[in-house]
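Below is one structure, written out as structure tokens; the observations come after it.
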Amino acid sequence: MPTGTCWCGCGTEVGLGSFFSQGHDKIAEAALLAARYDNSVARLIAHHGFGPENGVREAAVEKGYWEACPEASCNYLGAPASIRVHRKKMQH
């Protein structure tokens, strides 16, 4: 639950319903990666059971947060907004 204080640890007061001051979610993400995973995204992914044989991208699609590009010959996966940008860029 939001507490009124930024969750990155900076102590900044934040608005009702917010976890982070603007941009501090990325600061917290980078700090967690450094503090728990030796600045390695690969270690983070492996820690959660993902890797080459068990793709994290596919898990995001299965959870409903990401989508697959509807173009049959394309294997692009991403958030709905990313899919729209991708389709426009690739003209499909």
Side-chain angles (χ1 to χ4, degrees):
M1 288 296 261
T3 63
T5 303
C6 183
W7 277 35
C8 84
C10 70
T12 301
E13 287 186 32
V14 296
L16 197 62
S18 295
F19 290 97
F20 298 100
S21 182
Q22 187 173 359
H24 288 210
D25 56 332
K26 294 299 178 183
I27 292 169
E29 183 179 47
L32 177 63
L33 196 62
R36 294 290 188 253
Y37 303 102
D38 301 324
N39 281 324
S40 171
V41 174
R43 287 180 191 261
L44 167 69
I45 290 170
H47 176 83
H48 291 279
F50 298 105
E53 303 302 322
N54 184 24
V56 69
R57 298 176 336 132
E58 291 78 6
V61 172
E62 288 173 17
K63 286 280 195 171
Y65 296 112
W66 278 20
E67 300 174 357
C69 177
E71 179 68 30
S73 63
C74 184
N75 73 348
Y76 185 88
L77 306 176
S82 294
I83 294 288
R84 287 190 294 276
V85 171
H86 161 77
R87 293 189 74 198
K88 187 174 183 177
K89 181 179 175 183
M90 300 306 291
Q91 299 179 348
H92 64 242

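Just so we're clear, the structure is a prediction, and the values are computed from it rather than from any experiment.
- Within the model, atoms NE2 of His92 and SG of Cys74 stand 4.0 Å from one another, a figure rounded to the nearest 0.5 Å.
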Practice item. Begin with the C-alpha distance, continue with both residues' side-chain angles, and end with the deciding distance and a verdict on side chain to side chain contact (heavy atoms under 4.5 Å, CB included) for Leu44 and His48. Key: CA-CA 7 Å; Leu44 167 69; His48 291 279; 3.8 Å; yes

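- A perpendicular orientation is assigned to the rings of His47 and Tyr37, their planes being inclined by more than 60° (bins at 30° and 60°).
- Within the model, atoms NE2 of His24 and CD of Gln22 stand 9.0 Å from one another, a figure rounded to the nearest 0.5 Å.
- For Ser21 against Cys6, the heavy-atom pair with the smallest separation is N-SG, 3.4 Å.
- Across every non-hydrogen atom of Phe50 and Ala59, the tightest pair is CE2-CB, 3.5 Å.
- Interatomic distance, Glu67 CD to Ile83 CD1, rounded to the nearest 0.5 Å: 6.0 Å.
- Residues Phe19 and Ile27 do not share a hydrophobic cluster, clusters being chains of Ile/Leu/Val/Met/Phe/Trp/Tyr side chains in contact below 4.5 Å.
- Listed for the Ser40 side chain is a donor-acceptor partner under 3.5 Å among the backbone atoms of Arg43.
- Linking ILVMFWY residues whenever their side-chain heavy atoms come closer than 4.5 Å, directly or via other members, places Leu33 and Ile45 in the same cluster.
- Across Trp7 and Thr3, no two heavy atoms sit closer than the pair NE1-OG1, 3.6 Å.
- No continuous path of ILVMFWY side-chain contacts below 4.5 Å connects Tyr76 to Met90, so the two sit in separate hydrophobic clusters.
- By the neighbour-count criterion of 12 heavy atoms within 6.0 Å, atom CZ of Arg36 is sparsely surrounded, having that number or fewer from other residues, nucleotides or ligands.
- Cluster annotation: Val85 and Tyr65 are assigned to distinct hydrophobic clusters (Ile/Leu/Val/Met/Phe/Trp/Tyr, side-chain heavy-atom contacts under 4.5 Å, transitive).
- Across every non-hydrogen atom of Val14 and Phe20, the tightest pair is CG1-C, 3.5 Å.
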